[in-house]
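Heavy atoms only: backbone and side chains are in, while hydrogens, waters and symmetry mates are out. Just so it is clear: chains get the letters A, B, ... in the order the sequence lines come, proteins before strands, and each one is counted from 1. Since the model is a prediction, treat every value here as computed from it, not as a measurement.
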Protein chains: 2
Amino acid sequence: MTKDPYSLSPEEFYERGDSYFLPHISIDCVIFGFHDNQLKVLLLEWKDSLRWSLPGGFILKDEDIDQAATTILLKRTGLEKIHLQQFHTFGDPNRDRKKHGINPPKGSNPKSWLMDRFVTIGYWALVEHSKVTPTPDSFSRSCSWREISEVPELILDHNLIIEKALESLRLQLNDFPVGFNLLPAKFTMPELQSLYETILDEKLDRRNFQKKMLSLGILTRLNERKQGGAHKAPFFYKFDKKKYQRALKQGLSFGI
Amino acid sequence: MTKDPYSLSPEEFYERGDSYFLPHISIDCVIFGFHDNQLKVLLLEWKDSLRWSLPGGFILKDEDIDQAATTILLKRTGLEKIHLQQFHTFGDPNRDRKKHGINPPKGSNPKSWLMDRFVTIGYWALVEHSKVTPTPDSFSRSCSWREISEVPELILDHNLIIEKALESLRLQLNDFPVGFNLLPAKFTMPELQSLYETILDEKLDRRNFQKKMLSLGILTRLNERKQGGAHKAPFFYKFDKKKYQRALKQGLSFGI
DNA sequence: TTATCATTGTGTAAGATTAACACAATAAAA
DNA sequence: TTTTATTGTGTTAATCTTACACAATGATAA
């Protein structure tokens with residue numbers, strides 16, 4: 001009972017994880033990144049190599065659920081201080097590994113707490129792709145980015161969880177400029193527009209988009225242009241947190 | 001184990017409710033009603049008569065969480081086929097009756113599963129005040145409406161849960177005409193406006209409000225006026241579900 | 001070296017939506 | 001019969017959104 005619960009082997013975890021973690025409750029994280037003009041999610045490939053899943057985990061008996069989600073994000077990406085948005089709790093009674101034909105590793109307890117029905121709490125996070133170090137957990141052999149439109153079949157209802165997360169993200173995008181979290185500190189207007197277009201899955205007018213974004217008063221244009229493209233070099237911008245705080249107080253509309 | 005879990009006495013429930021229900025997980029419902037131009041919530045008064053709480057309950061081991069919430073709503077109000085909106089899951093590790101000085105009934109097991117830490121899933125519902133038959137559960141001596149601004153101190157974090165529910169309701173109100181669920185089938189424009197003003201907690205222009213509502217194309221004006229008021233008699237309207245379905249397809253904005 | 005081309009930066013006008021306000025009609029009470 | 005507060009129905013001005021025009025730029029092709 002005094003051992004660090006995160007250093008348990010998979011077998012120990014199956015056998016007696018429930019002495020550390022709440023039974024029947026899990027957390028799954030949809031971690032969004034943006035790279036090469038594509039929206040991506042972080043996925044785990046299981047050691048049996050046939051299954052894919054979302055990064056997830058469990059809640060220590062005396063741990064806050066947001067904290068548990070933060071720990072999952074940290075362990076899979078190396079990132080701290082990232083906003084995690086709880087968006088839905090999934091409680092289909094068939095969320096049960098047994099019912100989905102998932103067996104415990106050979107030699108471990110087939111009556112494990114992990115084989116029970118689980119209610120899972122969904123969180124999403126927006127992270128800067130380049131800052132992430134994808135790190136598998138002890139059940140997985142790899143952790144990697146997958147383009148949102150090319151996500152394979154995942155275990156349980158994880159595909160549905162991604163759908164719901166994306167829906168929630170789109171709604172949030174209208175109320176807060178969350179998209180900026182996906183970009184590096186310096187970005188160009190075409191990059192920002194491409195991000196919005198990808199998340200919302202619709203084309204936007206370049207000129208109106210720029211007007212709207214600048215009118216929010218939360219961007220600072222740098223005296224620097226992005227070189228290397230085949231055409232006119234666009235300016236770099238940065239998201240200005242101080243201006244953002246000021247703008248929030250005036251009750252801005254971030255809808256596109 | 002074969003007994004109906006909902007017919008257990010409070011003592012039996014404390015003692016062995018966990019052979020029917022998932023441990024550590026509960027559901028709490030914020031049931032909104034509208035009466036006398038006031039927004040109200042349904043509360044339970046405990047048998048010890050010192051505490052108030054939200055209507056809540058637990059999830060059968062093989063039951064869907066939405067279904068569990070539906071059952072709670074039915075048992076407290078007598079209403080079926082009401083939309084329940086899941087809005088947030090509350091997972092503070094101090095959500096624990098012991099830590100809040102709540103004791104089990106005399107004679108029942110002090111180590112009951114019910115005294116453990118619980119993660120609770122919050123749902124809200126909008127119901128027609130006049131159709132509700134407030135019904136206490138076996139732990140409560142009364143079930144009654146309370147005006148939203150006069151809610152007493154509730155157990156655990158139930159006051160916070162109401163706050164979050166109201167926040168979620170306000171956001172939804174901009175995306176869907178949910179408010180109609182709070183009114184009887186026939187209502188006047190001033191009544192509808194008063195409802196919106198109460199939920200949003202702001203005054204609205206009478207003429208612009210009417211224009212906006214009618215422009216949605218989801219209301220039918222009846223050839224009947226509400227008599228009895230001290231002044232000019234306003235028309236009755238009804239919410240037209242067919243028109244609403246048609247309007248949805250065209251992607252309306254319900255924002256006020 | 002110069003012309004070409006796709007892209008960026010900035011602006012303007014029409015259309016739609018929202019906000020502010022005016023006045024006649026009406027039902028009950030004075 | 002008059003008064004009063006409220007309802008029904010506009011109109012106008014202000015704001016926001018949408019659609020589109022054109023010059024400037026930086027790499028590439030001629």
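Across the protein-nucleic acid pair, Met213(A) atom CE and dT8(C) atom C1' stand 17 Å apart, rounded to whole Å. The interatomic distance linking Lys226(A) (NZ) with dA6(C) (P) rounds to 21 Å, in whole Å. Taking atom CG on Leu214(A) and atom C1' on dT10(C), their separation rounds to 11 Å, with Å as the unit. For the pair His231(B) NE2 and dT4(D) P, the computed distance is 12 Å after rounding to whole Å. The nearest whole Å value for the distance from the CD atom in Gln227(A) to the C1' atom in dT7(C) is 14 Å. Straight-line distance from the CG atom of Leu216(A) to the C1' atom of dT17(D): 14 Å, rounded to whole Å. Across the protein-nucleic acid pair, Gln210(B) atom CD and dT6(D) atom P stand 16 Å apart, rounded to whole Å. Taking atom CZ of Arg206(B) as the reference point, atom C1' of dT18(C) lies 17 Å away to the nearest angstrom.
Here Lys212(B) reaches the OP1 or OP2 of dT18(C): one of its side-chain N or O atoms lies under 4.0 Å away. Contact annotation: Arg221(A) side-chain N/O to dT10(C) OP1/OP2 distance is under 4.0 Å.
Considering only side-chain atoms of Phe235(A), the nucleotide from dG9(C), dT8(C), dA21(D) that sits closest is dG9(C).
Salt-bridge formation is not detected for the pair Glu147(B)/Lys40(B): no Lys NZ or Arg NE/NH1/NH2 atom is positioned less than 4.0 Å from an Asp or Glu carboxylate oxygen. Taking 4.0 Å as the cut-off between side-chain N and carboxylate O, Lys211(B) and Asp205(B) do not count as a salt-bridged pair. A salt bridge does not link Lys75(A) to Asp137(A): none of the charged nitrogens lies less than 4.0 Å from a carboxylate oxygen. Electrostatic pairing of Glu153(B) and Arg51(B) does not count as a salt bridge here, judged by no charged N lying under 4.0 Å from a carboxylate O. The residues Lys186(B) and Glu224(B) are annotated as salt-bridged, a charged nitrogen and a carboxylate oxygen being separated by less than 4.0 angstrom.
Mapped onto DNA chain D by nearest heavy atom, Asn208(A) and Asp205(B) fall at different nucleotides, with Asp205(B) at the one closer to the 5' end.
A donor-acceptor contact under 3.5 Å is formed by the side chain of Lys232(B) with the base of dT7(D). Remark: the Arg207(B) side chain and the dA19(C) base include no donor-acceptor N/O pair separated by less than 3.5 Å. In terms of polar N and O atoms assigned as donor or acceptor, the side chain of Lys211(A) comes within less than 3.5 Å of the base of dT12(C) in a complementary pairing.
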